[in-house]
Every structure is written in C-alpha cells, then in structure tokens.
Amino acid sequence: MTPDLNFDDYTQLDIQTRENGVAVVTLNRPEKRNALDVATIEELVRLFTTARIKGVRAVVLAGSGDHFCAGLDLVEHWKADRSPDDFMHVCLRWHEAFNKMEYGGVPVIAALTGAVVGGGLELASSAHIRVMDNTTYFALPEGQRGIFTGGGATIRVSDLIGKSRMIDMILMGRVYQGQEAVDLGLAQYITEGSSLEMALELADKVAANLPLTNFAICSAISHLNNMSAMDAAYAESVVAGVVNTQPAARERLEAFANKTAARIRPND
Ligand code: 1HE
C-alpha cells in the first residue's frame, strides 16, 4: 500500500503529516472555540474512514487556540431550529465519526487544552489516549443548556468514569481538572508542559508498532468489550491467530530469542 498522505482538501481540519505516518489533526475553528458544526463532523467522518488506507499510522488530535473543543455548535443548532428527526440524523453522523475513530484501528491520541466540554468530551473520549495539561478541564454542560448528550457520552464517558459519576457531572455541570481528572480516568497522562508535545512523543512511539498490531489494539479491544465473555474469548483467539503469526512480527520475535531486543525494566 503506497501512502497518500495528502489532506489538502479539508477546511475545518488542519491536517499535517509526518514521514513516520503520524498525522497531526487540528480542529480549526479557534474563533468558535472549535465548536463542532455539521461541516466539521463530516470531515471527521471522511478522515477516519480513509486514514488507514491512506497510510496514516497514528493521529494526534488537537484544537487550535486555547480550547480543545466547546462541543456542539450551539449557535448553528439554535439557528437551524431542527426537528427531532433532523437532530437524530445529526447525532447519527457524530456516531459515524466517533465510531470510525474508536473502531478504525488507527491509534488516536488527543492533545487536550482548555475546555473539553459536552461534545468536546464525547470527541476526546473516542480517542484511545488522552493527554491533558494544566489548562485542561472537563465538563458536560448539557444539563444547564437544556439539552442532552447525543455524541456517545452516555457510553464512553460512563466507561471512563462510571455511570453515577457521569450522571453527577451532567446534572451538576461539575468540572474536573488536574490530577483528579487523571485519577478518575478522564485522561491517561497529564503534563506540566505542552499536551501537544507529549502527544506527539507518544504518537511517534505508537507509530513504530506494527500497523496490524495497532489495528487489533485500537479496534478489536473495543469490539471485544461489547461481547459476552465467552464470545470475546473466542474472537480474541481469532484476532491473535491473525496478528501473532503476521510475517512482520517474526523479526521482532527473533530479536527477542537472540537476546538483541530490549528487555522490560521498571521505571527509574
Ligand atoms: C460557540 C460555542 C459553542 C463558544 N457553539 N459557538 N457546549 C457548551 O455549553 C460550551 C459553550 N462554550 C463555552 O462555555 C465557552 O465558549 C468556552 C468555555 C468554551 C470558551 O470561553 P471563552 O470566554 O474563551 O469564549 P466565548 O466568548 O464564550 O466564545 C467565543 C466565541 O465562540 C463566541 O462567538 P462570537 O461569534 O460571539 O465571537 C461563542 O459564541 C463561540 N462559541 N462555544 C457555538 N459550543 C451531539 S449533542 C452534544 C451536546 C453538547 O455538546 S452541549 C455542550 C455545548
């Protein structure tokens, strides 16, 4: 497969690719705090539908300006005065984008700054890794806005922090930040420095894994978690049958057998 790392025809997303196949994808509406309008969701669908086939090995997803993402474009929603039917279809496109992210097999690392709220948290929780910095804060303002989640928070935010804490977050408009947010599971990493820099370091590391192994990690685990334990164990065996016998892995296994591969040691 020849990589085709050209994404010039995007307007809502700025997409820069690196030689190792890492794509740095930036939500590009800073003047609207990267609120998710219909056009942005459509570009996310397109990106995550085609990323693997275009040769992207990992994605770093960031927001431009001070805030990662302010969630649903409330002004677009208010102006459109949508019918229930229309808004249901808007939400279905959000699910299309976020499911493609979570199940697409390409690792997505979110570099979080400032507000990660409402649909912004739904977007972030569809990534495989979340890195926050000292400016990052999480909230579900839907309760106060007179609306409800529609982009998967009931599933993914509940998965991250548990149902009762998610209910409290949306009922109270409660904000989480700092180490507490990591301890609760909203992010896996926090840095004193730049979340983008740290996300790029992680992405470089991830891009050095074999693509089929990353595919299993960033697709199969989510699918397996939706199955019964019996079926998941069966399907895991099938996935392992394919991944653990891939020709590209033989070199790495041989290096281990020959004692030239790095050993796993505790952190200093
Ligand atoms: C927006 C949006 C938006 C900002 N839709 N336009 N999300 C929320 O409830 C969060 C709403 N936003 C905020 O609370 C704040 O804007 C922020 C904390 C994110 C940033 O504050 P600040 O002081 O830096 O910016 P600002 O002055 O509030 O906004 C700057 C501009 O961004 C302004 O536009 P302007 O044309 O007047 O300059 C704002 O209108 C615009 N803006 N946030 C549209 N969200 C599938 S269901 C999902 C349900 C949800 O996501 S609900 C959560 C919605």
Side-chain angles (χ1 to χ4, degrees), residues 11-14 26-48 61-103 108 110-127 130 132-161 163 165-178 181 186-187 195-196:
T11 57
Q12 311 299 102
L13 304 176
D14 177 72
T26 309
L27 301 170
N28 204 16
R29 299 180 77 211
E31 71 290 351
K32 299 294 178 192
R33 306 310 183 250
N34 302 315
L36 298 170
D37 59 357
V38 165
T40 303
I41 292 292
E42 287 308 315
E43 289 199 357
L44 288 169
V45 172
R46 181 151 62 99
L47 171 68
F48 288 108
L61 181 65
S64 52
D66 294 339
H67 298 281
F68 175 71
C69 178
L72 174 70
D73 189 321
L74 294 167
V75 177
E76 181 186 65
H77 181 60
W78 171 65
K79 284 187 177 155
D81 196 14
R82 292 163 168 139
S83 68
D85 182 9
D86 282 347
F87 194 62
M88 175 181 74
H89 282 94
V90 168
C91 292
L92 287 170
R93 296 305 286 169
W94 282 48
H95 288 300
E96 183 72 16
F98 297 174
N99 288 340
K100 285 271 157 34
M101 264 176 84
E102 182 184 344
Y103 295 85
V108 182
L112 305 176
T113 50
V116 183
V117 300
L121 178 51
E122 294 179 310
L123 173 65
S125 63
S126 308
R130 283 161 295 284
M132 61 183 289
D133 67 16
N134 288 335
T135 69
T136 309
Y137 60 98
F138 302 91
L140 293 171
E142 284 87 341
Q144 279 65 53
R145 302 272 181 244
I147 56 178
F148 189 60
T149 62
T154 53
I155 303 145
R156 294 193 181 91
V157 179
S158 288
D159 267 0
L160 293 179
I161 63 173
K163 183 181 70 176
R165 207 181 289 274
M166 184 259 173
I167 289 174
D168 174 63
M169 245 183 123
I170 184 165
L171 267 181
M172 302 300 166
R174 187 162 174 174
V175 173
Y176 286 112
Q177 61 199 76
L186 286 164
S195 55
L196 181 59

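Atoms within each ligand, like the ligands themselves, are counted from 1 in listed order.
Summarising the local packing, CG of Asp86 is surrounded by more than 12 heavy atoms from other residues, nucleotides or ligands at distances under 6.0 Å.
In terms of modelled atom types and a separation under 3.5 Å, the side chain of Glu43 and the main chain of Leu13 share a donor-acceptor contact.
When the heavy-atom distances from atom 7 (N) of ligand 1 to Gly71, Gly118, Ala70, Pro30 are ranked, the shortest goes to Ala70.
Nearest protein heavy-atom neighbour of atom 44 (C) of ligand 1: Asp73 OD1, 3.3 Å. Closest protein heavy atom to atom 37 (O) of ligand 1: Lys32 NZ, 4.7 Å. The closest protein non-hydrogen atom to atom 18 (C) of ligand 1 is Tyr137 OH, 3.3 Å. Counting protein heavy atoms only, atom 16 (O) of ligand 1 is closest to Arg33 CG, 4.1 Å. In this structure, the protein non-hydrogen atom closest to atom 40 (O) of ligand 1 is Val75 CG2, 4.4 Å. Counting only heavy atoms of the protein, atom 11 (C) of ligand 1 lies nearest to Arg145 NH2, 3.5 Å.
Counting protein heavy atoms under 4.0 angstrom from atom 50 (C) of ligand 1 gives one or more.
Between Glu42 and Arg46, no side-chain nitrogen of the basic residue sits less than 4.0 Å from a carboxylate oxygen of the acidic one, so the salt-bridge criterion is not met.
Close approach of ligand 1 to Gly150 (heavy-atom distance below 4.0 Å) involves ligand atoms 46 (C), 47 (S).
Under 4.0 Å from ligand 1, the heavy atoms of Glu122 that appear belong solely to its side chain.
Under a 4.0 Å heavy-atom criterion, Glu31 is in contact with ligand 1.
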